[in-house]
Amino acid sequence: TVTSTLVDTMATTSNFFWRAGAFNGAAAVALGAFGAHGLRKSVTDERMLNAWTTAAQYHLIHSVALLAVPLCKPTPTWAGRLLVAGITLFSGSLYVMVLTDKRALGAVTPVGGVAFIAGWVALGLGL
């Protein structure tokens with residue numbers, strides 16, 4: 001029936017955001033540890049190391065926010081999508097920028113920041 005299909009879709013969406021939050025949380029901790037212990041051997045620019053730290057912190061914070069998405073009923077799928085986009089664009093651009101020393105990637109970071117803000121607003125509005 002249409003109702004059972006809708007319920008199944010919502011359950012699958014909730015599971016996706018829960019898993020995305022959990023796996024992103026694990027990745028954030030691992031990347032943060034790498035930045036604190038392994039990255040200093042190859043990156044000496046303090047600003048780049050700070051960028052990595054910022055990326056890991058925002059990555060972890062927004063991973064926890066993703067865990068909250070399935071707890072809202074109905075599941076605010078736009079909030080989850082925007083938070084995933086924010087992690088990818090904000091933290092991802094900073095990670096790649098530090099690893100490659102391509103500082104132009106820093107231009108992508110604010111787009112991810114806007115996605116984070118929009119994700120929080122969408123979560124508050126239940127979207």
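Quick caveat: nothing in here was measured; it's all calculated off a predicted structure. When reading the values below, keep in mind they use all heavy atoms of this one structure, side chains included, and skip hydrogens, waters and symmetry mates.
Here the closest non-hydrogen pair linking Pro76 and Gly126 is CB-C, 3.7 Å. Closest non-hydrogen pair, Leu82 versus Gly119, comes out as CB-CA, 3.6 Å.
Annotation: side chain to side chain donor-acceptor pair (under 3.5 Å) contacts involving residues 76-86, sequence neighbours excluded, are absent. Each ring pair (Phe, Tyr, Trp, His ring centres under 6.0 Å) pair with one or both residues in residues 107-126, not counting sequence neighbours, appears once here: His62-Phe116, His62-Trp120, Phe90-Phe116. For residues 27-52, every residue pair satisfying the side chain to side chain donor-acceptor pair (under 3.5 Å) rule, not counting sequence neighbours, is listed here: Asp45-Arg103.
His59 places a side-chain N or O within donor-acceptor distance of the main-chain N or O of Asn24, the cut-off being under 3.5 Å. Between the side chain of Lys73 and the backbone N or O of Pro70, at least one donor-acceptor pair lies under 3.5 Å.
Residue Leu67 is found in a hydrophobic cluster whose other members, listed by chain and number, are Trp18; membership requires side-chain heavy atoms under 4.5 Å apart, directly or through intermediates.
Linking Ile, Leu, Val, Met, Phe, Trp and Tyr whenever their side-chain heavy atoms come within less than 4.5 Å leaves Val64 and Phe17 in two separate clusters.
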Using a 3.5 Å cut-off and no angle test, enumerate the donor-acceptor pairs between side-chain atoms of residues 106-114 and protein atoms at least two apart in sequence or in another chain.
{"from": "Thr109", "atom 1": "OG1", "to": "Ser93", "atom 2": "OG", "distance (Å)": "2.7"}
{"from": "Thr109", "atom 1": "OG1", "to": "Gly106", "atom 2": "O", "distance (Å)": "3.4"}

Could you list the donor-acceptor pairs under 3.5 angstrom formed by side chains in residues 26-34, with sequence neighbours left out?
none

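Within a 6.0 Å radius of OH in Tyr95, more than 12 heavy atoms belonging to other residues, nucleotides or ligands are found.
A donor-acceptor pair shorter than 3.5 Å can be found between the side chains of Ser14 and Thr75.
Residues Val69 and Thr13 are not in side-chain contact: their nearest non-hydrogen atoms beyond the backbone lie 4.5 Å or more apart.
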